[in-house]
Amino acid sequence: MSAGDTFGRTIQLFLVDGKPTGLRKATIHGWTGLLFVSGASAFGDLTAREEVDRTGVYILSGPDPEKAGATRVYIGSGNSVAERIKQSALKRDFWETAITVTTSDDDLSKGHAEYLEARLIELTSQAGRVTLDNGTQPDTSRRRLPEADVANMEQFLANLRIILPVIGLDMLKPQPRAVTQTAKPVEERTTVDVQFEIHHKSGVQATAVEEDGEFIVLEGSEARRETGYTSHSYSELKEKLIADGVLSEHGSDKLRFSKPWSFKSPSAAAAIVLDRSSNGRIEWKVKGSKQTYHDWQQAQAAKQEAAQ
């Protein structure tokens, strides 16, 4: 295996009380980092754990009360994570999930924890996927650590990038190129991506690409206005996109994407474009062909299987 190759990782997820909605413990094999995850009902169990009464960082996350469909997070640190997260939770009503990050050998110092807190806030702000509830953004340059300690904490953060999405929080994941590199023409920033399109009988046309598991509808794509169909499950999201200016007026019966927007699935994207519940795996087709997204996926899987 060369230095540039990726490799598998073993993540262990332990249901402490045997319930999927209860307290969970998450670890990566060979890493001393230790995460506990709970909802409000198991919060007392989380703060009672001896491993949480250690130096580390924590995250409170939940729906953003000011932005429909968005997530809000608060990031903190402390010498006793158990005490600090209790104090923070009492001051905030939005949170539904609490995450604590300590180590199995209790080797994080106050300086380490403050560095991790500052970097987590910085990386989360850069990713732009959630709303930060933190009032200020700490300056990482003021968290002075020896060079070796900085390297160790950056490796610690690299493992958090891997494990946080597994427990349902992708706040550190960078936005796709198709979303962030808007200064470049669409053809240039999506040159390595297969483009998909919808051509609807209403005249609506939309183009999208898939990047790292996300389905991005590109700027200039169109969406149908209110069609009179029974309200579908993505109506609230569509209203948010209109309110935020992502979808703007385009004629009497259409809307237009003023900037690219990332969706969690082709079906979510198709529902917004067509203004009805849709099977995006069928609605989206490879640009310039009749091959559906589903058939394209099957063909890609067959190629990978043949190559092994």
Using only atom types and a distance under 3.5 Å, with no angle test, would you say the side chain of [X] pairs donor to acceptor with the backbone of [Y]?
| X | Y | value |
| --- | --- | --- |
| Arg129 | Thr124 | no |
| Asp64 | Glu66 | yes |
| Ser267 | Gly280 | yes |

Are [X] and [Y] linked, directly or through other ILVMFWY residues, by side chains that come within less than 4.5 angstrom of each other?
| X | Y | answer |
| --- | --- | --- |
| Leu60 | Leu116 | no |
| Leu35 | Ile85 | no |
| Val166 | Val101 | yes |
| Trp261 | Val209 | no |
| Leu108 | Leu34 | no |

State the [atom1]-[atom2] distance between [X] and [Y], to the nearest 0.5 angstrom.
| X | Y | atom1 | atom2 | value |
| --- | --- | --- | --- | --- |
| Leu90 | Gln87 | CG | CD | 8.5 Å |
| Leu247 | Leu255 | CG | CG | 5.5 Å |
| Ile216 | Thr207 | CD1 | OG1 | 13.0 Å |
| Lys86 | Leu46 | NZ | CG | 10.5 Å |

**side-chain hydrogen bond (donor to acceptor under 3.5 Å, both in side chains) contacts touching residues 30-47 (sequence neighbours left out)** =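 Every pair satisfying side-chain hydrogen bond (donor to acceptor under 3.5 Å, both in side chains) with a residue in residues 30-47: there are none.
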
**Item:** Pairwise salt bridge (charged side-chain N to carboxylate O under 4.0 Å, His left out) hits with a residue in residues 251-274, at least two apart
**Value:**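 Sorted pair list: Glu222-Lys254.
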
**Message:** Show me the pairs that pass salt bridge (charged side-chain N to carboxylate O under 4.0 Å, His left out) and involve residues 149-170, at least two apart or across chains.
**Reply:** Arg119-Glu154

**Item:** Contact list for residues 46-74, test ring pair (Phe, Tyr, Trp, His ring centres under 6.0 Å), sequence neighbours left out
**Value:**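 Qualifying pairs, neighbours excluded: none.
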
Ion pair [X]/[Y], N-O distance below 4.0 Å:
| X | Y | result |
| --- | --- | --- |
| Lys67 | Asp244 | no |
| Arg84 | Glu114 | no |
| Lys238 | Asp275 | yes |
| Glu197 | Lys285 | no |

**Message:** Running the 4.5 Å side-chain criterion over Ile, Leu, Val, Met, Phe, Trp and Tyr, what cluster does Ile282 land in, apart from itself?
**Reply:**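 Via sub-4.5 Å side-chain contacts, Ile282 links to none.
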
The criterion is side chain to side chain donor-acceptor pair (under 3.5 Å); which residues satisfy it with [X], sequence neighbours excluded?
| X | answer |
| --- | --- |
| Asp212 | none |
| Lys287 | Gln195 |
| Ser202 | His200 |
| Asp93 | none |

**Message:** Holding to side-chain contact (heavy atoms from CB on, under 4.5 Å), I want the full list of residues that pass it with Glu50, two or more places apart in sequence or in another chain.
**Reply:**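 Only Arg54 meet the side-chain contact (heavy atoms from CB on, under 4.5 Å) criterion with Glu50.
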
**Residues in side-chain contact (heavy atoms from CB on, under 4.5 Å) contact with Arg49, at least two apart in sequence or another chain** = Val16, Leu23, Phe36, Glu51, Val52

**Request:** State, yes or no, whether a side-chain contact exists between Thr182 and Val179 at a heavy-atom distance under 4.5 Å.
**Result:**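 Side-chain contact under 4.5 Å: no.
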
Of all heavy-atom pairs between [X] and [Y], which one has the smallest distance, and what is that distance?
| X | Y | answer |
| --- | --- | --- |
| Ser278 | Arg276 | OG-O, 2.9 Å |
| Val57 | Ala113 | CG1-O, 3.5 Å |
| Phe94 | Pro65 | CB-CD, 4.0 Å |

**Message:** Which residues pass the ring-ring contact (aromatic ring centres under 6.0 Å, His included) test with Phe43, not counting sequence neighbours?
**Reply:** Trp95

**Request:** Determine the sole option in Glu117, Lys110, His112 for which the side chain to side chain donor-acceptor pair (under 3.5 Å) test with Ser77 is passed.
**Result:**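 It is Glu117; the other options fail the test.
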
**Message:** We want to know whether Asn159 and Arg9 form a side-chain donor-acceptor pair, criterion being a heavy-atom distance below 3.5 angstrom.
**Reply:** yes

**Asked** If you measure only the distance, is there a donor-acceptor pair under 3.5 Å linking the side chains of Tyr293 and Glu283?
**Response**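 Per modelled atom types, Tyr293 and Glu283 side chains form no pair under 3.5 Å.
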
**Prompt:** Should the pair Phe196 and Phe215 be assigned to parallel (<30°), tilted (30 to 60°) or perpendicular (>60°) ring geometry?
**Reply:**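 Answer is tilted, since the angle falls between 30° and 60°.
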
